[in-house]
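In what follows, a single structure is set out as structure tokens and then discussed.
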Amino acid sequence: MAPQDLQDLQDPRDLQGFQGFLEFQEQLLWAHLALQVLLVLKDLLASKGLLPAVVHLQGQGSAIQVKNGGVLNDWSRITMNPKVFKLHPRSGELEVLVDGTYFIYSQVEVYYINFTDFASYEVVVDEKPFLQCTRSIETGKTNYNTCYTAGVCLLKARQKIAVKMVHADISINMSKHTTFFGAIRLGEAPAS
């Protein structure tokens, strides 16, 4: 029974109309109860670490020049779960605070300088290569390209992830839609 139908209920002795009114009230009560249960479950799952924790960082600014081995550190936090991740702004490293299985992703837009044929960057874990993305450029074509990479990794608390350029004298477009970096905690590490 919809609220507009209540206007039709003029005689309280109209049992069919009153029955419809009670059914409508019962539906409202069940909908409210279901919403409350979902909110409690969400909080319970979050407190147990069963919901994925997310961090997404975007470039802030325009082009920057990177030297060989340079770690990108000009990040803007878009979303970050502080119980699972910590950003070190000076070093550009993202520290993991909780053991688990993580999906890590990154994209960098590279401008080619000094007529190089390709540019490459790595996603490093504790300064060791985990993922690498390399893009080439065709002669006579545009002198920029985006490079995206992603993978799943088992990480321990206090390990650090970073985006590191492989080649020297590369210019990076650090605008928010072209250069970004992030991770999603998928869950506990599998038992061995």
Side-chain angles (χ1 to χ4, degrees), residues 49 51-139 141-190:
L51 289 180
V54 176
V55 60
H56 183 73
L57 309 173
Q58 292 178 338
Q60 59 177 359
S62 55
I64 60 170
Q65 188 75 21
V66 180
K67 299 296 180 192
N68 190 18
V71 172
L72 300 184
N73 64 359
D74 197 15
W75 299 115
S76 175
R77 293 176 214 159
I78 302 307
T79 184
M80 184 166 74
N81 183 325
K83 293 180 180 177
V84 180
F85 301 102
K86 178 181 179 182
L87 178 63
H88 298 274
R90 285 190 177 180
S91 68
E93 293 175 308
L94 182 63
E95 183 177 354
V96 172
L97 304 176
V98 179
D99 294 358
T101 303
Y102 289 82
F103 174 76
I104 302 168
Y105 62 93
S106 178
Q107 176 175 294
V108 175
E109 183 173 77
V110 178
Y111 290 100
Y112 301 90
I113 298 178
N114 296 336
F115 306 103
T116 58
D117 292 339
F118 62 94
S120 185
Y121 75 91
E122 296 173 331
V123 175
V124 295
V125 175
D126 291 337
E127 300 181 10
K128 295 178 185 137
F130 167 60
L131 300 168
Q132 183 167 346
C133 194
T134 302
R135 288 296 263 224
S136 61
I137 185 169
E138 296 178 43
T139 306
K141 302 289 182 183
T142 58
N143 63 344
Y144 60 91
N145 213 333
T146 57
C147 196
Y148 175 84
T149 189
V152 174
C153 185
L154 298 176
L155 296 173
K156 299 282 187 191
R158 294 190 292 271
Q159 285 193 285
K160 294 179 182 174
I161 311 163
V163 176
K164 178 181 175 183
M165 300 312 297
V166 174
H167 301 287
D169 297 324
I170 301 287
S171 186
I172 307 298
N173 181 2
M174 289 298 288
S175 69
K176 62 184 179 179
H177 299 297
T178 61
T179 299
F180 50 84
F181 170 46
I184 302 167
R185 185 175 185 271
L186 300 174
E188 299 293 326

Next on the checklist: As an exercise, state the distance from CZ of R158 to CG of L97, rounded to the nearest 0.5 Å.
Outcome noted: 9.5 Å
Checklist entry - Looking only at atom types and distance, does a side-chain atom of R185 sit under 3.5 Å from a main-chain N or O of D99, one as donor and one as acceptor? => result yes
Item to check | Any donor-acceptor pair under 3.5 Å from T179 side chain to N173 backbone | outcome: yes
Next on the checklist: Show, in sequence, the C-alpha distance, side-chain angles and deciding distance for M165 and V110, and conclude whether the side-chain contact (heavy atoms from CB on, under 4.5 Å) test is met.
Outcome noted: CA-CA 10 Å; M165 300 312 297; V110 178; 4.3 Å; yes
Item to check | Which atom of Y102 lies closest to which atom of G100, heavy atoms considered | outcome: CD1-O, 3.4 Å
Checklist entry - Between L131 and G151, what is the shortest heavy-atom contact and its length? => result CD1-N, 3.7 Å
Checklist entry - Which residues pass the disulfide bond (SG atoms under 2.5 Å apart) test with C153, sequence neighbours left out? => result none
Item to check | Audit row: M174, Q60, side-chain contact (heavy atoms from CB on, under 4.5 Å) steps and yes/no | outcome: CA-CA 6 Å; M174 289 298 288; Q60 59 177 359; over 6 Å; no
Checklist entry - What are the two closest non-hydrogen atoms of V71 and A162, and how far apart are they? => result CG1-CB, 3.7 Å
Item to check | Shortest non-hydrogen contact from E188 toward T101 | outcome: O-OG1, 3.3 Å
Next on the checklist: Would the distance check show the side chain of N81 and the main-chain N or O of V54 forming a donor-acceptor pair, the cut-off being under 3.5 Å?
Outcome noted: no
Item to check | F180 side, atom CZ; Q58 side, atom CD - distance, nearest 0.5 Å | outcome: 8.5 Å
Checklist entry - Quick one: ring-ring contact (aromatic ring centres under 6.0 Å, His included) partners of Y121, sequence neighbours excluded? => result none
Checklist entry - Taking the side chain from S120 and the backbone from C133, do they hold a donor-acceptor pair closer than 3.5 Å? => result yes
Checklist entry - How about K86: does its NZ atom have over 12 heavy atoms from other parts shown lying under 6.0 Å from it? => result no
Item to check | Stepwise side-chain contact (heavy atoms from CB on, under 4.5 Å) test for V55 and L87 | outcome: CA-CA 9 Å; V55 60; L87 178 63; over 6 Å; no
Item to check | Residue pair R77 / P89, side-chain heavy-atom distance below 4.5 Å | outcome: yes
Next on the checklist: I'd like to know whether the aromatic ring centres of H56 and Y105 sit less than 6.0 Å apart in this structure.
Outcome noted: yes
Item to check | Heavy-atom side-chain proximity of V166 to T134 below 4.5 angstrom | outcome: no
Next on the checklist: Ring-plane angle category for W75 and F181, please: parallel below 30°, perpendicular beyond 60°, tilted otherwise.
Outcome noted: tilted
